[in-house]
Amino acid sequence: MKKSVKSITSPKRFIVGQHLLEDLSTYTSTYGNHAYIICDEFILDRAKKEAGKSFDEAGNQSEFVKFNYENTQEEIDKHTEGAKKAGANVIVGIGGGKTLDTAKATAYFSKLPVVIFPTIASTDAPCTALSVIYKGDGSFDRYLFLPSNPDVVLADSAILAAAPTRFFVAGIGDALATYFEARACYRKNGDNLVNLKPSLAGMGLANMCYETILEYGLQAKLAVDHGITTPAVENTIEATIYLSGVGAEAGGLAAAHAIHNGMTAVPSLHHAQHGEKVVFGLLTQLVLESAPEEEIEEVIYFIKEVGLPLTLKDLGLDEFRQEEWRSVAEAACAEGDTMGNMPHPVTPDDVYQAIIAANALAEYYHDE
């Protein structure tokens, strides 16, 4: 592949609005008349009732199956076999990021189209041609790079605004890193998430993502606190799901997500959301980059403003164990992870020291 080959990739359709679940068959029937629908447990009954009615009325078939909590290769294999047995010709994922990644991977192995329906705006997973695979213990396993993005992504703002605020804010945290990681990758001329080079369009979307969440993030968070949808909520959803997903895919990832991946091996952080850990990874990346103080302060003040965890203690860390965080740093620098997209060489010792420095910065600003 020539070094000059750049890319911008995205879902074929991205739709934001209210009451999309009850009309699901309209969006899947373009791709098939028998849907295999992988659902988070909490929305399974509602999906059967509301979405199931739309399939019945359209004369299409549907099979609703519960997601079993972790996106492992075993879970993907189970659903791939289930879709084959059912005779399905379109895969649907309804739920959080791991459910959606399972649906995307299932569609890939089944060679079928996929429709994605996030129920929480906690990550940019819905739009990307990527599935993050985990081990049974919840630690990071590998990235599964997919040949194409989802066919349709449906962002039902009423459902997303009704989810717990913490999930919504975690999505803001994931999106917060998009611009900074894309910027690092662009400076390095590294590889984006489709193994091509960062594009101007990708950088533009990543920058728009950052500007949008700075402008609307707090307003949206306060609205979601009350379970309501406002223009600020829909703008923020567009940023956290579409602009972040497409911006990250075209612009690339760097230290923030690599450090997140290392942090998945810390048991006391298993209850922290993906986006919450990415935020700490971003602070560490800014330390590694020796970012200007005003830039670091802008990021930290925004983190505090929307109520994201700032310090490792905020994330749930019970005790800082040197050997554990040395392992995090080693994992973050693993071959094939995105630390290689940093503009300058980074060693595990660099990462370890930056983690300590980032936490010290976070503690300094914590109660300011």
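Hydrogens, waters and symmetry mates are skipped; everything else that's a heavy atom, side chains included, is used. For this chain, numbers begin at 1 and follow the sequence in order. Quantities reported herein were computed from a predicted structural model and do not represent experimental measurements.
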Salt bridge flag under 4.0 Å for residues [X] and [Y]:
X	Y	answer
Asp101	Lys104	yes
Lys78	Glu75	yes
Asp151	Arg13	no
Asp225	Lys221	yes
Lys48	Glu22	no
Arg321	Glu319	yes
Asp349	Arg326	yes

Do other residues, nucleotides or ligands put more than 12 heavy atoms under 6.0 Å from [X] [atom1]?
X	atom1	answer
Lys313	NZ	no
Glu293	CD	no
Lys66	NZ	yes
Phe302	CZ	yes

Polar side-chain atom of [X] near backbone of [Y] as donor-acceptor pair, under 3.5 Å:
X	Y	value
Ser54	Ser25	yes
Asp156	Gln18	no
Asp314	Leu310	yes
Ser139	Lys135	no
Asn33	Asn60	no
Asp337	Met339	no
Glu368	Tyr365	no
Asp56	Lys53	no
Lys197	Ser7	no
Asn192	Ala250	yes

Going by atom types only, do [X] and [Y] share a side-chain donor-acceptor pair under 3.5 Å?
X	Y	value
Glu211	Tyr179	no
Tyr210	Glu298	yes
Thr178	Ser244	yes
Tyr143	Asn261	yes

**Study point:** Derivation and outcome, side-chain contact (heavy atoms from CB on, under 4.5 Å), residues Thr230 and Gln219
**Key:** CA-CA 9 Å; Thr230 65; Gln219 294 180 51; 5.9 Å; no
Hydrophobic cluster identity match, [X] and [Y], side-chain contacts under 4.5 Å:
X	Y	value
Val169	Tyr242	yes
Phe280	Phe167	no
Leu243	Phe168	yes
Ile172	Tyr216	no
Ile228	Leu222	no

Point to revise | Result of checking Leu193, Val194, Asn149 against Leu130 for side chain to side chain contact (heavy atoms under 4.5 Å, CB included) | key: Leu193
Check your understanding: Taking the six-membered ring of Tyr134, is the NZ or CZ of Lys98 close enough (under 6.0 Å from the centre) and on axis enough (within 45°)?
Key -> yes
Exercise for review: Using the side chain to side chain donor-acceptor pair (under 3.5 Å) rule, take Thr128 and Glu249 through it: C-alpha gap first, then chi angles, then the decisive distance, then the call.
Suggested key: CA-CA 6 Å; Thr128 61; Glu249 188 163 80; 4.9 Å; no
Check your understanding: Going by the angle between their ring planes, with limits at 30° and 60°, are His257 and His260 parallel, tilted or perpendicular?
Key -> tilted
Review point. In terms of the angle between their ring planes, are Phe320 and Tyr352 parallel, tilted or perpendicular, with boundaries placed at 30° and 60°?
Key: tilted
Point to revise | Chi angles and distances behind the side chain to side chain donor-acceptor pair (under 3.5 Å) call for Asp23, Thr26 | key: CA-CA 6 Å; Asp23 205 23; Thr26 299; 2.7 Å; yes
Measure across [X] and [Y] and return the closest heavy-atom pair with its distance rounded to 0.1 Å.
X	Y	result
Ala155	Ile241	CB-CD1, 4.4 Å
Ala254	Glu181	N-OE2, 2.9 Å
Pro118	Val153	CD-CG1, 4.4 Å
Ala239	Ile213	CB-CG2, 3.8 Å
Glu289	Ala184	OE2-CB, 3.7 Å
Leu144	Ala105	CD2-CB, 3.7 Å

Practice item. Output, in order, the C-alpha distance, side-chain angles, deciding distance and verdict of side-chain contact (heavy atoms from CB on, under 4.5 Å) for Asp191 and Leu196. Key: CA-CA 5 Å; Asp191 293 332; Leu196 296 174; over 6 Å; no
**Study point:** salt bridge (charged side-chain N to carboxylate O under 4.0 Å, His left out) assessment of Glu295 paired with Arg183
**Key:** CA-CA 13 Å; Glu295 187 170 79; Arg183 181 181 71 179; 2.9 Å; yes
Review point. Who else is in Leu20's hydrophobic cluster (ILVMFWY, side-chain heavy atoms under 4.5 Å, direct or via others)?
Key: Ile15, Leu21, Leu24, Tyr27, Tyr31, Ile37, Phe42, Ile43, Leu44, Phe55, Phe64, Val90, Val92, Ile94, Val115, Phe117, Val152, Leu154, Ile159
Check your understanding: Is Ile76 close to Gln73 at the side-chain level, that is, under 4.5 Å between some pair of heavy atoms?
Key -> yes
Exercise for review: Begin with the C-alpha distance, continue with both residues' side-chain angles, and end with the deciding distance and a verdict on side chain to side chain donor-acceptor pair (under 3.5 Å) for Gln273 and Ser122.
Suggested key: CA-CA 8 Å; Gln273 292 293 307; Ser122 61; 4.6 Å; no
Check your understanding: Roughly how far apart are Ile116 CD1 and Cys127 SG, rounded to 0.5 Å?
Key -> 9.5 Å
**Study point:** Nearest-0.5 Å distance, CD of residue Gln285 to OG1 of residue Thr338
**Key:** 8.5 Å
Using a 3.5 Å cut-off and no angle test, enumerate the donor-acceptor pairs between side-chain atoms of residues 355-362 and protein atoms at least two apart in sequence or in another chain.
unit_1, atom_1, unit_2, atom_2, d
Asn359, OD1, Leu312, N, 2.9
Asn359, ND2, Glu363, OE2, 3.4

Review point. Could you walk me through whether Asp40 and Thr99 pass the side chain to side chain donor-acceptor pair (under 3.5 Å) check?
Key: CA-CA 7 Å; Asp40 270 352; Thr99 307; 2.3 Å; yes
**Study point:** Working for side-chain contact (heavy atoms from CB on, under 4.5 Å), residues Cys39 and Val65
**Key:** CA-CA 6 Å; Cys39 292; Val65 183; over 6 Å; no
Exercise for review: For His79 and Thr102, run side-chain contact (heavy atoms from CB on, under 4.5 Å): C-alpha distance rounded to whole Å, both residues' side-chain angles, the deciding distance at 0.1 Å, then the answer.
Suggested key: CA-CA 8 Å; His79 290 294; Thr102 299; 3.8 Å; yes
